[in-house]
Amino acid sequence: MSKLGQAKRIIFLKTADGQLFEVDEPVAMEFEIVKSFFDENEDAADDTVVPLPNVSAEPLAGIIEFCKAHVEFRANGAAGKDEVKKFNAEYIKEKSNEQLKELILAANYLNIKEMLDFLTETIANRLKNKSVEYVRAFFGIENDFTPQEEEAVRKEYEWAFEGVDED
Amino acid sequence: MDDDRISDLAPFIIHQIMSHLSRKQVAQTSLLSKRWNHLRASFPIFDFSETDLFQSYLGMRLASNEEYCERIVNFMKLIDVSLLRFLLAAEKDVKELDITIKTDDKKLYILPHIIYSAKLSTTLVLYGVKFEKLPDTIRFRLIWKNSERVHLHHPIKLVTVDAWEKDHINLIEVQSSYH
């Protein structure tokens with residue numbers, strides 16, 4: 001399929017649930033973990049499969065979609081423009097909280113800075129003005145304060161709880 | 001969804017999320033759990049407003065003198081405690097510390113003693129603060145051998161860096177006026 005020297009290199013990635021992804025090199029190199037894999041194994045064969053034991057297929061597909069679009073934005077000089085904002089807004093609109101959490105775990109593991117920035121901001125937007133109980137449920141945090149300790153912290157930060165809607 | 005994984009997000013990610021939340025909401029995360037209380041304490045962005053201590057801006061305007069003073073005292077305590085907690089929580093990781101305090105009436109913020117026991121590895125930058133005691137002999141234990149620089153910007157009242165010694169810096173008194 002390739003003319004010598006002209007071939008677009010494809011990187012093979014294998015997810016925790018055993019799915020094989022074929023990703024264009026510039027997109028795969030957005031993943032710091034993949035980049036350092038090839039930096040450390042310079043003589044790795046072109047068809048080397050990079051194992052990603054902490055990522056499953058669904059979030060990886062979402063991440064590839066995001067990174068592919070952003071690589072293209074950069075190539076077209078569109079970085080930072082409305083086009084990008086529009087894409088990001090569309091991208092995140094349909095994602096459930098669960099999907100968002102899977103994405104941030106995967107983006108963290110793959111070490112993709114730009115996407116992490118975007119995802120942390122998105123999560124913050126979804127947590128804005130939410131109650132402590134909501135945030136606990138969102139992150140699956142177990143409240144390990146004793147009632148006395150909790151009361152003491154609440155009292156200390158009394159000012160931060162004024163005018164909060166309990167939803 | 002495996003909840004354990006998401007609640008174990010790396011501190012820098014949680015701090016990134018916090019950086020997009022309001023002051024009040026960041027403070028509220030102290031109440032989530034012990035781990036989050038610690039994460040909030042080591043959140044490296046401080047943002048204080050004295051209006052936080054009132055129900056509303058109007059509440060602040062209408063407060064009696066007595067109440068106002070009490071709130072301000074609480075506010076200064078909040079800053080002290082926050083700084084102190086931060087230095088304790090971030091003890092191992094802090095390389096650079098840059099403290100800039102701006103106040104409306106050009107008063108200098110009195111830096112709590114804890115600053116002397118922070119373990120910084122490279123840089124300390126201070127602006128708009130003064131030390132609790134005249135630091136003629138106070139030695140900065142925080143500046144270790146590999147420290148690169150200490151910046152004490154004007155207007156720091158009374159102090160500037162005099163000389164390097166092996167493990168510490170002596171601070172001497174100078175007359176520097178505040179503009």
Side-chain angles (χ1 to χ4, degrees), chain A residues 16 54-56 58-59 96-109 111 113 115-146 149-164, chain B residues 1-41 43 45 47-60 70-72 74-75 77-82 84-85:
Chain A
N54 282 328
V55 184
S56 50
E58 196 195 319
S96 68
N97 285 344
E98 292 309 311
Q99 286 171 318
L100 193 57
K101 287 189 272 190
E102 286 296 343
L103 283 174
I104 202 164
L105 288 167
N108 179 38
Y109 172 71
N111 197 356
K113 198 184 167 298
M115 189 165 186
L116 266 180
D117 286 347
F118 169 64
L119 291 172
T120 52
E121 186 175 0
T122 305
I123 285 188
N125 285 338
R126 292 198 183 177
L127 295 179
K128 254 174 206 164
N129 303 320
K130 298 293 188 193
S131 66
V132 167
E133 289 69 26
Y134 182 95
V135 178
R136 266 191 203 131
F138 184 92
F139 286 110
I141 298 167
E142 200 187 323
N143 176 13
D144 55 359
F145 287 117
T146 66
E149 286 168 339
E150 181 168 343
E151 192 48 42
V153 177
R154 196 178 272 275
K155 201 162 188 324
E156 182 176 358
Y157 295 101
E158 215 174 355
W159 59 272
F161 294 96
E162 286 168 354
V164 175
Chain B
M1 178 65 213
D2 184 348
D3 278 342
D4 286 347
R5 291 191 303 147
I6 192 84
S7 60
D8 283 344
L9 279 177
F12 85 92
I13 293 183
I14 290 171
H15 286 161
Q16 254 185 27
I17 295 172
M18 286 182 183
S19 73
H20 296 291
L21 295 172
S22 69
R23 276 193 299 271
K24 282 193 176 188
Q25 214 173 350
V26 171
Q28 286 170 33
T29 63
S30 304
L31 202 61
L32 294 172
S33 70
K34 288 178 181 170
R35 176 170 188 255
W36 278 74
N37 194 11
H38 191 268
L39 286 167
R40 212 280 311 163
F43 180 50
I45 301 171
D47 184 2
F48 302 107
S49 168
E50 60 190 26
T51 57
D52 284 345
L53 295 175
F54 291 86
Q55 293 272 3
S56 62
Y57 187 68
L58 188 67
M60 185 174 84
E70 193 193 317
R71 291 275 188 159
I72 294 300
N74 287 341
F75 176 67
K77 262 190 212 156
L78 172 72
I79 296 178
D80 284 352
V81 168
S82 302
L84 190 140
R85 288 221 178 105

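Numbered from 1 within each chain, the chains take letters A, B, ... in sequence-line order.
Both the backbone and the side chain of Asp117(A) come within contact range of chain B, judged by heavy atoms closer than 4.5 Å. Looking at Asn54(A), only its backbone comes within 4.5 Å of chain B, counting heavy atoms on both sides. Looking at Gln16(B), both its backbone and its side chain come within 4.5 Å of chain A, counting heavy atoms on both sides.
The OG atom of Ser19(B) sits 8.0 Å away from the CD atom of Glu121(A) when rounded to the nearest 0.5 Å. In this structure, Phe139(A) CZ and Ile14(B) CD1 are separated by 6.5 Å, a value rounded to the nearest 0.5 Å. Atom CG of Leu21(B) sits about 12.5 Å away from atom NZ of Lys130(A), to the nearest 0.5 Å. Of the inter-residue distances, the one linking Ile17(B) atom CD1 with Thr122(A) atom OG1 reads 10.0 Å to the nearest 0.5 angstrom. The structure places CG of Leu31(B) at 4.5 Å from CD of Glu150(A), a figure rounded to the nearest 0.5 Å. To the nearest 0.5 Å, atoms CG (Leu116(A)) and CD1 (Ile13(B)) are separated by 5.0 Å.
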### Task
Could you please spell out the steps behind the side chain to side chain contact (heavy atoms under 4.5 Å, CB included) verdict for Asn125(A) and His20(B)?
CA-CA 8 Å; Asn125(A) 285 338; His20(B) 296 291; 5.6 Å; no

### Message
Working note: Asn143(A) + Trp36(B), criterion side chain to side chain contact (heavy atoms under 4.5 Å, CB included); need CA distance, chi angles, decisive distance, verdict.
### Response
CA-CA 10 Å; Asn143(A) 176 13; Trp36(B) 278 74; over 6 Å; no

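Between Val135(A) and Gln25(B) the shortest heavy-atom distance is CG2-NE2, 4.5 Å. Between Tyr157(A) and Ala27(B), the shortest heavy-atom contact is CD2-CB, 3.9 Å. Considering every non-hydrogen atom in both Glu149(A) and Lys34(B), the closest pair reads OE1-CE, 3.4 Å. Heavy-atom minimum distance, Ala160(A) versus Gln28(B): O-NE2, 2.7 Å.
Within a 6.0 Å sphere centred on CD of Glu142(A), heavy atoms belonging to other residues, nucleotides or ligands number 12 at most. Within a 6.0 Å sphere centred on CD of Glu58(A), other residues, nucleotides and ligands contribute 12 heavy atoms or fewer.
Between Glu156(A) and Val81(B), some side-chain heavy-atom pair lies under the 4.5 Å cut-off.
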